[in-house]
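The block underneath contains the structure these notes are about, expressed in structure tokens.
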Number of protein chains: 2
Amino acid sequence: MTAGAEIDWADHALTTLQEAGHRRGGARTAVVEALAAHDCAVTALDLDDELARRRPRVARASVYRALEQLEQLGLVRRIEVGRGVAGYERVDPTGHHHHHAICRDCGRMVPFEDRSLERAIGKLCEDLDFEVAEHDVVLRGRCQHCSL
Amino acid sequence: MTAGAEIDWADHALTTLQEAGHRRGGARTAVVEALAAHDCAVTALDLDDELARRRPRVARASVYRALEQLEQLGLVRRIEVGRGVAGYERVDPTGHHHHHAICRDCGRMVPFEDRSLERAIGKLCEDLDFEVAEHDVVLRGRCQHCSL
DNA sequence: AAGCTTAATGAGAATGAATCTAGTTTGCGT
DNA sequence: ACGCAAACTAGATTCATTCTCATTAAGCTT
Ligand SMILES: [Zn+2]
Ligand SMILES: [Zn+2]
Ligand SMILES: [Zn+2]
Ligand SMILES: [Zn+2]
């Protein structure tokens with residue numbers, strides 16, 4: 001990973017927001033910065049927690065609102081991290097991405113990427129009567145730590 | 001698909017439940033029958049709705065409890081059908097299964113299966129420091145009907 | 001720089017899927 | 001038939017997420 005990828009992303013995100021006609025507000029900027037600091041998925045409540053100590057406090061509603069807008073613009077992707085909780089992670093504009101293995105026992109998320117998986121998905125999407133915009137792969141089981 | 005696959009599954013499910021030490025109760029049996037009648041995912045609330053007219057009425061809590069037990073025994077699998085709603089579908093004991101493309105606009109679910117996708121997943125699971133029990137693939141976009 | 005328009009924000013209420021609780025019923029071994 | 005634990009029902013509760021609305025402030029316009 002190239003150093004400063006997060007900073008680049010935050011910059012890119014703020015620019016895209018502006019170009020989409022959004023004003024520049026403190027709460028949303030804080031959410032973007034917080035997201036930039038994580039390279040894998042975080043829940044909205046985790047973000048809310050991180051931003052709770054700011055002054056003025058970032059409201060929970062603002063976190064959700066920002067995440068929704070970012071998702072709409074394709075700047076973050078939303079993934080289900082189990083039992084009705086959503087995780088959000090920044091989207092690399094190059095399309096480079098990873099998927100997740102989630103431990104049933106401890107909830108740990110192990111990211112992975114696989115070239116031939118992507119190839120298979122790309123191919124099957126062509127043959128499908130469906131305009132596929134994004135895909136999600138989740139593996140569930142026991143992580144190395146829990147399967148001892 | 002062989003005729004009566006649902007009946008076979010209901011039978012198999014009830015037997016497995018019994019072997020696991022469960023008593024035979026009306027509510028759970030009703031849930032099994034309802035699941036057997038669907039060959040793709042249904043939400044718990046849909047099931048609750050279907051079973052609402054029964055006498056005596058099947059309680060919502062019973063639907064959720066039955067689904068959880070069935071999932072525990074590997075008889076149904078739970079999939080996220082979007083925005084914090086779970087869908088459940090019966091598991092074919094042979095391991096034969098499909099995945100889903102979900103329309104962003106209308107919510108329609110289009111099931112698909114792909115041999116080389118499964119092969120890719122099988123292979124990458126071997127190379128992973130993770131004991132993978134199941135996998136899930138979700139494609140999101142616009143269905144044929146909504147992309148006109 | 002002051003005024004204006006309207007997006008953005010904060011606080012708290014509302015929603016809705018999922019879970020829990022308590023009291024009742026029922027399956028099943030004795 | 002009896003007794004006990006499992007299963008059931010109805011309703012309360014939890015908790016992530018969404019909504020409402022009064023307030024603040026970004027960024028034009030003059
Ligand atoms: Zn990730
Ligand atoms: Zn991928
Ligand atoms: Zn299905
Ligand atoms: Zn598969």
Side-chain angles (χ1 to χ4, degrees), chain A residues 13-34 41-73 75-88 107, chain B residues 13-34 41-73 75-88 107:
Chain A
L14 292 173
T15 304
T16 307
L17 280 164
Q18 194 157 33
E19 283 169 353
H22 287 283
R23 290 179 188 173
R24 190 199 146 105
R28 190 165 42 216
T29 303
V31 171
V32 168
E33 284 166 3
V42 230
T43 68
L45 290 175
D46 284 344
L47 288 176
D48 180 58
D49 219 45
E50 286 179 24
L51 300 176
R53 47 205 65 175
R54 287 221 177 191
R55 193 156 14 277
R57 200 197 181 305
V58 173
R60 179 161 305 179
S62 298
V63 174
Y64 280 102
R65 237 185 327 240
L67 289 172
E68 190 184 336
Q69 294 166 336
L70 289 166
E71 190 191 3
Q72 217 76 48
L73 292 170
L75 292 165
V76 305
R77 67 195 203 111
R78 175 195 151 90
I79 67 181
E80 313 274 357
V81 324
R83 261 34 203 176
V85 246
Y88 296 84
Chain B
L14 292 173
T15 304
T16 306
L17 280 164
Q18 195 156 33
E19 284 169 353
H22 287 284
R23 289 179 188 172
R24 190 198 142 98
R28 190 164 44 216
T29 303
V31 171
V32 167
E33 284 167 3
V42 229
T43 69
L45 290 175
D46 283 345
L47 288 175
D48 181 58
D49 219 45
E50 285 180 24
L51 301 176
R53 45 204 67 173
R54 286 221 178 193
R55 193 152 16 273
R57 201 198 181 303
V58 173
R60 180 162 304 178
S62 299
V63 174
Y64 280 103
R65 203 163 341 110
L67 289 172
E68 190 184 337
Q69 295 166 335
L70 289 166
E71 189 190 3
Q72 217 76 47
L73 292 170
L75 292 164
V76 306
R77 67 195 203 109
R78 174 196 151 88
I79 65 181
E80 313 275 357
V81 324
R83 261 31 203 180
V85 244
Y88 296 85

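Predicted model only: the values in this text are computed from it and were never measured.
Ionic pairing of B:Glu33 and B:Arg54 is present here: one or more N-O contacts between side-chain nitrogen and carboxylate oxygen are shorter than 4.0 angstrom. Electrostatic pairing of A:Arg83 and B:Glu68 does not count as a salt bridge here, judged by no charged N lying under 4.0 Å from a carboxylate O.
In this model, the phosphate group of D:dA6 is not approached by any side-chain N or O of B:His22 to a distance below 4.0 Å at OP1 or OP2. Phosphate proximity of C:dA18 to B:Tyr64: present, with a side-chain N or O under 4.0 Å from OP1 or OP2.
In this structure, A:Arg24 places its CZ atom where only 12 or fewer heavy-atom neighbours from other residues, nucleotides or ligands lie under 6.0 Å away.
With DNA chain C read from its 5' end, the first of the two nearest nucleotides for B:Gly26 and B:Thr43 is the one closest to B:Thr43. Closest-nucleotide positions on DNA chain D for A:Arg24 and A:Ala44 were compared, and the one nearer the 5' end corresponds to A:Ala44.
Remark: P of D:dA6 and CD of B:Gln69 are 12 Å apart, rounded to the nearest angstrom. Between A:Asp49 atom CG and D:dA16 atom C1' the separation is 14 Å, expressed in whole Å. Distance A:Leu47 CG to D:dT17 C1': 14 Å, rounded to the nearest Å. The nearest whole Å value for the distance from the CZ atom in A:Arg23 to the P atom in C:dC4 is 15 Å. Atom CG in A:Leu67 sits about 9 Å away from atom P in D:dT17, given to the nearest Å. Atom CG in B:Leu17 sits roughly 15 Å away from atom C1' in D:dC8 (whole-Å rounding). The CZ-C1' distance, from B:Arg54 to D:dA7, rounds to 16 Å in whole Å. Atom CZ of A:Arg55 is separated from atom P of C:dT9 by 18 Å (rounded to the nearest Å).
Counting non-hydrogen atoms under 4.0 angstrom, A:Gly21 reaches nothing in the nucleic acid. The residue A:Ala61 sits close to a base: some heavy atom pair falls under 4.0 Å. Within the nucleic acid shown, B:Arg57 comes within 4.0 Å of sugar-phosphate atoms alone, with no base atom in reach, counting heavy atoms only. Within 4.0 Å (heavy atoms only), A:Arg28 reaches sugar-phosphate atoms of the nucleic acid but no base atom.
The side chain of B:Ala27 lies closest to D:dC8 when the candidates are C:dT19, D:dC8, C:dG10.
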Point to revise | Derivation of the side-chain contact (heavy atoms from CB on, under 4.5 Å) call for A:Leu45 and A:Arg60 | key: CA-CA 8 Å; A:Leu45 290 175; A:Arg60 179 161 305 179; 3.6 Å; yes
